[in-house]
Amino acid sequence: DTYKSLALKALKRAADALDGLNDDVAGDFTWLIDAYSTAVSICPGDDWTIRTKALLLHRAGRVSEAGDIYKDLALRLGDKYYVWSEFAGCVSELAVKIGMLCKAVLMERNEDFLGLIRLDLAEELLKQGKKEAAALEVKLHKDHYSSKGWNIKQRALDLERACGQFDFLGEDNRNIYYEYIPFAEEYAYSEIPYRDLVFVDEWTSQEGKKFQKYVDGGHAEVVINIRKFPQLKKAKLGQIWSFKLHAASLEKDIPLIVKR
């Protein structure tokens with residue numbers, strides 16, 4: 001068996017202790033960031049250590065450096081909601097920030113983890129002038145907290161007053177999510193070039209999942225679960241679509257974002 005080193009365990013204890021301190025008490029923790037930099041150089045495949053370094057950089061006000069790390073983590077851990085919610089704190093572009101929070105909400109099915117993220121999203125939607133969408137995020141937050149018997153924080157009540165009252169027609173903001181997520185993906189994957197692939201096959205598995213296959217003449221073959229890329233529902237056999245592909249390994253190309 002392989003066990004995590006005592007040094008990494010000690011770093012995690014230090015980071016956890018710092019997380020429980022306010023900024024006045026924490027003081028200058030550059031030494032801890034430097035220690036994490038050393039750990040990352042020695043264990044470059046430890047994504048949790050890399051993520052903690054990004055969190056420390058963000059808290060220290062070194063937001064640009066943290067954002068560079070999250071760009072890399074978005075490739076490696078792009079299916080984790082917390083990567084996108086934390087990445088959102090590293091960007092200033094409002095549409096991109098909203099898109100990242102939307103992606104986090106859409107990605108995580110356990111509502112227990114989304115409470116604060118929904119409030120963050122509501123705040124940014126208010127800045128964008130989308131009061132009804134913001135109000136719905138606050139409502140979903142409050143409804144879940146009430147169902148769990150949890151205390152509703154003052155922040156949620158303040159946001160509710162700022163949004164105003166609405167008669168909601170839908171149960172969620174999926175139309176908003178799909179509108180803004182492309183901004184987040186384009187930002188996160190801006191350095192990856194597009195490649196043209198042809199739609200050659202589609203089928204439904206025994207579990208009822210729908211798949212499509214795209215090829216580029218023999219160099220790349222991509223099989224896609226349509227649930228993860230709803231924009232491909234309108235694709236027709238023989239069409240050419242542009243993909244951004246990231247090679248997670250020598251044997252596998254993973255589609256990130258697509259455009260027609």
Side-chain angles (χ1 to χ4, degrees), residues 47 51 67 70-91 93-145 147-148 156 159 163 166 168-190 192 207-212 222-235 241 243-244 246 248 254-260:
D47 291 327
R51 177 194 173 209
Y70 279 112
K71 265 202 169 186
D72 182 62
L73 288 176
L75 294 174
R76 296 157 60 170
L77 299 175
D79 60 341
K80 305 299 184 184
Y81 79 95
Y82 52 80
V83 169
W84 294 99
S85 65
E86 292 163 7
F87 198 176
C90 299
V91 298
E93 297 89 335
L94 188 54
V96 174
K97 187 184 291 284
I98 290 173
M100 289 180 176
L101 294 170
C102 288
K103 195 168 178 66
V105 170
L106 195 61
M107 195 169 284
E108 179 53 49
R109 295 186 177 182
N110 189 340
E111 191 67 32
D112 289 357
F113 300 137
L114 295 178
L116 297 180
I117 296 175
R118 287 198 184 278
L119 295 185
D120 289 343
L121 178 54
E123 281 191 1
E124 303 307 326
L125 288 169
L126 270 177
K127 295 176 186 176
Q128 194 78 336
K130 296 187 177 295
K131 288 190 174 183
E132 183 173 358
L136 181 53
E137 292 298 326
V138 176
K139 178 182 182 299
L140 292 170
H141 168 91
K142 288 184 61 183
D143 288 350
H144 184 70
Y145 269 50
S147 71
K148 291 285 187 175
L159 281 169
C163 293
F166 294 92
F168 300 109
L169 299 178
E171 297 180 353
D172 56 42
N173 275 323
R174 284 181 181 266
N175 59 324
I176 295 290
Y177 302 160
Y178 291 131
E179 177 184 350
Y180 281 94
I181 283 175
F183 292 106
E185 292 178 332
E186 195 66 54
Y187 180 91
Y189 308 132
S190 59
I192 302 176
E207 295 80 16
K209 297 179 180 179
K210 295 183 179 180
F211 294 90
Q212 293 178 350
V222 181
V223 175
I224 296 170
N225 184 335
I226 297 303
R227 183 182 65 81
K228 296 182 178 180
F229 295 90
Q231 62 266 53
L232 290 175
K233 290 180 180 179
K234 60 184 180 182
W241 286 68
F243 288 75
K244 289 194 173 189
H246 169 61
I254 299 179
L256 296 177
I257 60 175
V258 297
K259 69 176 184 179
R260 191 175 179 183

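Model, not experiment: these values are computed from the prediction.
Nearest heavy-atom pair across A156 and V138 is O-CG1, 3.6 Å. Among all heavy-atom pairs drawn from A74 and Y189, the shortest one is O-OH, 3.3 Å. Scanning all heavy atoms of the two residues, the minimum distance from A184 to W84 falls at O-CZ3, 4.2 Å. Of all heavy-atom pairs spanning L121 and C102, the tightest one is CD1-SG, 3.9 Å.
Between the side chain of Y70 and the backbone N or O of A188, no donor-acceptor pair lies under 3.5 Å. Looking at E108, its side chain does come within 3.5 Å of a backbone N or O of N110 through a donor-acceptor pair.
Of the inter-residue distances, the one linking L119 atom CG with L140 atom CG reads 10.5 Å to the nearest 0.5 angstrom. A distance of 11.5 Å separates NZ in K139 from CG in N173, rounded to the nearest 0.5 Å. R174 CZ to L106 CG: the interatomic distance, rounded to the nearest 0.5 Å, is 5.0 Å. Considering CG of L232 and CD of Q212, their distance stands at 5.5 Å, rounded to 0.5 Å. The line from CG of L114 to CG of D120 is 11.0 Å long, rounded to the nearest 0.5 Å. Atom CD of residue E137 and atom CG of residue L125 lie 6.5 Å apart, to the nearest 0.5 angstrom.
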_The test is side chain to side chain contact (heavy atoms under 4.5 Å, CB included); show your working for F243 and I224 and say whether it passes._
CA-CA 11 Å; F243 288 75; I224 296 170; 3.2 Å; yes
*What do the steps show when you test R51 against E86 for salt bridge (charged side-chain N to carboxylate O under 4.0 Å, His left out), and what is the final call?*
CA-CA 9 Å; R51 177 194 173 209; E86 292 163 7; 2.3 Å; yes
_Pair F183-E93, side chain to side chain contact (heavy atoms under 4.5 Å, CB included): steps then yes or no_ = CA-CA 9 Å; F183 292 106; E93 297 89 335; over 6 Å; no
*Test F211 against I226 for side chain to side chain contact (heavy atoms under 4.5 Å, CB included), laying out the working first.*
CA-CA 6 Å; F211 294 90; I226 297 303; 6.0 Å; no
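Among residues two or more places apart in sequence or in another chain, the side chain to side chain donor-acceptor pair (under 3.5 Å) test is passed with E171 by none. By the salt bridge (charged side-chain N to carboxylate O under 4.0 Å, His left out) test, E123 pairs with R155, sequence neighbours left out. Residues passing the side chain to side chain contact (heavy atoms under 4.5 Å, CB included) test with A135 are C163, F166, F168, sequence neighbours excluded. Not a single ring pair (Phe, Tyr, Trp, His ring centres under 6.0 Å) links Y177 to another residue, sequence neighbours left out. For K71, the side chain to side chain contact (heavy atoms under 4.5 Å, CB included) criterion is met by F87, Y187, S190, E191, not counting sequence neighbours. With sequence neighbours excluded, no residue satisfies salt bridge (charged side-chain N to carboxylate O under 4.0 Å, His left out) with E132. For the side chain to side chain contact (heavy atoms under 4.5 Å, CB included) test, residues two or more places apart in sequence or in another chain that qualify with A88 are K97, M100, L101. By the side chain to side chain contact (heavy atoms under 4.5 Å, CB included) test, R109 is found to be paired with R227, residues two or more places apart in sequence or in another chain being considered. A search for salt bridge (charged side-chain N to carboxylate O under 4.0 Å, His left out) contacts involving K142 returns E160, not counting sequence neighbours. Every residue was checked against the salt bridge (charged side-chain N to carboxylate O under 4.0 Å, His left out) condition with E179, not counting sequence neighbours, and none meets it. K127 is linked by a side chain to side chain donor-acceptor pair (under 3.5 Å) to E124, counting only residues two or more places apart in sequence or in another chain.
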Side chains of residues 75-83: which donor-acceptor pairs under 3.5 Å do they make with residues two or more places apart or in other chains?
from, atom 1, to, atom 2, distance (Å)
R76, NE, D47, OD1, 3.0
R76, NH1, D72, OD2, 2.8
R76, NH2, P44, O, 3.2
R76, NH2, D47, OD1, 2.4

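A salt bridge between E111 and K148 is absent, with no side-chain N of the basic residue lying under 4.0 Å from a carboxylate O of the acidic one.
Taking 4.5 Å as the limit, some side-chain heavy atom of E185 sits within range of a side-chain heavy atom of K103.
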